[in-house]
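Okay, so here's the structure we're looking at.
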Protein chains: 2
Amino acid sequence: MSNVKALPLLEPDVDPAVEPCCPPLTERPLTAEEAVRTAAMFKALGDPVRLRLFSSVASHQGGEACVCDISDVGVSQPTVSHHLKKLKEAGLLTSERRGTWVYYRVAPSVLAAMARMLGQYAP
Amino acid sequence: MSNVKALPLLEPDVDPAVEPCCPPLTERPLTAEEAVRTAAMFKALGDPVRLRLFSSVASHQGGEACVCDISDVGVSQPTVSHHLKKLKEAGLLTSERRGTWVYYRVAPSVLAAMARMLGQYAP
DNA sequence: CGTCTATGTTGACACATGTCGAACCAGCCG
DNA sequence: CGGCTGGTTCGACATGTGTCAACATAGACG
C-alpha cells in the first residue's frame with residue numbers, strides 16, 4: 001500500500017528518511033550516522049504510551065484506527081496527539097483525515113528495518 | 001539452575017527482570033504494564049551512543065568485547081561507562097571482569113523478544 | 001607498599017521530553 | 001449561521017537524560 005510516490009524528503013514534519021537503513025546489529029559496528037538514524041526509530045517506541053498507541057493501531061482491525069478508538073491510554077487527549085505526531089515523525093505511522101475523524105496506520109517498511117536489525121537473534 | 005519447563009519460549013539466563021515479555025505488536029494492544037517493560041528495552045537502544053556500543057559488542061569476534069575495544073564512540077570514558085550500565089540494566093548486555101579488563105556480551109533472549117514483537121513485519 | 005592502568009561512581013549542569021490546560025482549526029448538524 | 005464534536009497546536013512546567021570533570025575502586029606489577 002505504500003507504493004505511493006509522495007515522499008517529500010524536505011519536510012521536517014514527516015521524516016521519510018527511514019528507508020532500509022542498516023545491517024543487522026551483529027554484522028559490524030554501526031557508524032555514527034547510521035546510529036543516529038536507527039536510534040530515532042527505537043526511541044520512538046521507547047515510551048510506554050507511544051508503544052501502547054502503536055500497538056493499538058497495529059492490532060486494530062483493518063490495519064488502521066481513528067484516534068477516538070485508541071485514546072484511552074491514561075493520558076490527556078493533547079498528549080495522545082503529541083505522541084501520535086512523534087510516531088509519525090519517526091516514520092512508524094501515517095495519518096489520513098476522512099471526514100470528521102483522523103485515521104492512523106502503520107508504515108510496514110520501518111518496522112521491517114527494525115526487525116531486520118534484531119533478526120539475527122530470532123530463531 | 002533451569003527450573004522452567006512449561007514455557008517453550010526462551011531460557012531466562014539473564015538476571016534482570018526482563019523475561020520473555022510480550023506478544024507481537026500486531027496481535028493485540030499492549031497493557032500498561034507490558035508497555036512499560038517493553039518500552040524500557042526499546043528505550044535502551046534509542047540513543048545513538050548506546051546503539052553503537054551495543055552494535056560493537058554484538059559484532060565483536062567471540063561475542064564479547066572489553067571496554068577498551070569499543071570506547072571509541074566520540075564521548076568521554078565516564079559517558080561510555082554510563083551507557084554500558086544502562087544497557088546492562090535494560091538486560092541487553094552482561095558484564096564480567098576478568099583480570100584487568102571488563103568484558104561485555106549480549107543477552108540474546110532480550111533481543112529475541114524484541115525481534116518477536118516486530119517480526120510480523122519481517123518479510 | 002606504591003604506582004600505574006582500566007573502569008566505575010559522583011556531582012553538577014544544560015538540554016530534551018512528557019504532561020496538562022487553554023486556545024485553536026476542521027468538519028458535521030440543528 | 002452558530003453551536004458541537006473530534007483533533008491539533010501552544011505555552012508552561014516538572015522531570016528525565018546525556019555529558020563531562022573530578023574522584024574512587026580494582027587489579028597488575030615492580
Side-chain angles (χ1 to χ4, degrees), chain A residues 11-15 30 32 35-54 56-57 60 64-90 92-105, chain B residues 15-16 30 32 35-57 60 64-90 92-105:
Chain A
E11 280 302 302
D13 185 15
V14 190
D15 186 6
L30 294 181
V36 168
R37 290 177 54 193
T38 308
M41 311 191 308
F42 285 105
K43 193 176 188 177
L45 293 182
D47 179 87
V49 175
R50 279 198 293 272
L51 202 51
R52 289 186 76 189
L53 289 172
F54 182 86
S56 294
V57 173
H60 205 264
E64 68 177 14
C66 108
V67 182
C68 54
D69 290 328
I70 60 177
S71 49
D72 64 343
V73 286
V75 294
S76 71
Q77 211 256 341
T79 303
V80 169
S81 190
H82 165 73
H83 284 304
L84 288 174
K85 185 179 180 180
K86 288 270 187 137
L87 287 168
K88 208 166 66 172
E89 287 172 357
L92 276 73
L93 290 181
T94 61
S95 68
E96 177 196 2
R97 170 163 224 130
R98 289 205 300 273
T100 306
W101 296 278
V102 177
Y103 292 88
Y104 281 82
R105 52 171 57 239
Chain B
D15 43 294
L30 294 181
V36 168
R37 290 178 53 193
T38 309
M41 310 191 307
F42 285 104
K43 193 176 189 178
L45 293 181
D47 179 87
V49 175
R50 278 199 294 273
L51 203 50
R52 289 186 76 188
L53 288 171
F54 182 85
S55 177
S56 295
V57 173
H60 205 264
E64 68 177 13
C66 105
V67 182
C68 54
D69 290 329
I70 61 177
S71 50
D72 181 20
V73 287
V75 294
S76 69
Q77 185 266 329
T79 303
V80 169
S81 189
H82 165 74
H83 284 304
L84 288 173
K85 185 180 181 180
K86 288 268 187 137
L87 287 168
K88 208 168 66 173
E89 287 172 357
L92 277 74
L93 290 182
T94 61
S95 68
E96 177 196 1
R97 172 164 224 132
R98 288 204 301 273
T100 307
W101 296 278
V102 177
Y103 292 89
Y104 282 81
R105 53 172 56 240

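Letters A, B, ... are given to chains in the order of the sequence lines, protein chains preceding strands, and every chain is numbered from 1. Computed from a predicted structure; not experimentally measured.
Close to C:dT17, at under 4.0 Å from its OP1 or OP2, lies no side-chain N or O of A:His83. At the phosphate of D:dC20, OP1 or OP2 sits under 4.0 Å from a side-chain N or O atom of B:Ser76. Within the structure, a side-chain polar atom (N or O) of B:Tyr104 is placed less than 4.0 Å from OP1 or OP2 of C:dG8. The shortest distance between the side-chain N/O atoms of A:Ser81 and the OP1/OP2 oxygens of D:dT8 is below 4.0 Å. Taking only side-chain nitrogens and oxygens, B:Arg50 comes nearer than 4.0 Å to OP1 or OP2 of D:dG18. At the phosphate of D:dG7, neither OP1 nor OP2 sits under 4.0 Å from any side-chain N or O atom of A:Lys85.
Regarding A:Tyr103, its OH atom lies at a distance of 19 Å from the P atom of C:dA26, rounded to whole Å. Summarising the geometry, the separation between CZ on B:Arg52 and P on D:dG18 is reported as 16 Å, rounded to the nearest angstrom. Separating the NZ atom of A:Lys43 from the P atom of D:dG18 is a distance of 7 Å, rounded to the nearest angstrom. Rounding to whole angstrom units, CG of residue B:Leu51 and C1' of D:dG18 are separated by 16 Å. Separating the CD atom of B:Glu96 from the P atom of D:dG27 is a distance of 13 Å, rounded to the nearest angstrom. A:Gln77 places its CD atom 16 Å from the P atom of D:dC10, with the value rounded to the nearest Å. Distance CG (A:Leu84) to P (D:dG6): 16 Å, rounded to an integer number of Å. Per the geometry, CD belonging to B:Glu89 stands 11 Å off P belonging to D:dT17, to the nearest Å.
With C:dG21, C:dG8, D:dG18 as the candidates, the nucleotide lying closest to the side chain of B:Asp47 is D:dG18. The side chain of B:Thr100 sits closest to C:dA6 out of C:dA6, D:dC20, D:dG18. Candidate nucleotides C:dC28, D:dA26, D:dT8 were compared by shortest atom distance to the side chain of B:Arg97, and D:dA26 ranks first. Looking at the side chain of A:Trp101, the nearest of the listed nucleotides D:dG7, D:dT9, C:dG8 is D:dG7.
The structure places NZ of B:Lys85 at 5.5 Å from CD of B:Glu89, a figure rounded to the nearest 0.5 Å. To the nearest 0.5 angstrom, A:Leu87 atom CG is 11.5 Å from A:Ser95 atom OG. Taken from OG in B:Ser71 to CG in B:Leu84, the straight-line distance is 9.0 Å, to the nearest 0.5 Å.
Along DNA chain C, the nucleotide closest to A:Thr79 and the one closest to A:Gly99 are compared, and the more 5′ of them pairs with A:Thr79.
In terms of modelled atom types and a separation under 3.5 Å, the side chain of A:Arg37 and the main chain of A:Ala39 share no donor-acceptor contact.
A 4.5 Å side-chain heavy-atom check between B:Gln77 and B:Val67 finds every atom pair outside the cut-off.
Across all strands, A:His82 comes closer than 4.0 Å to base atoms (heavy-atom distances).
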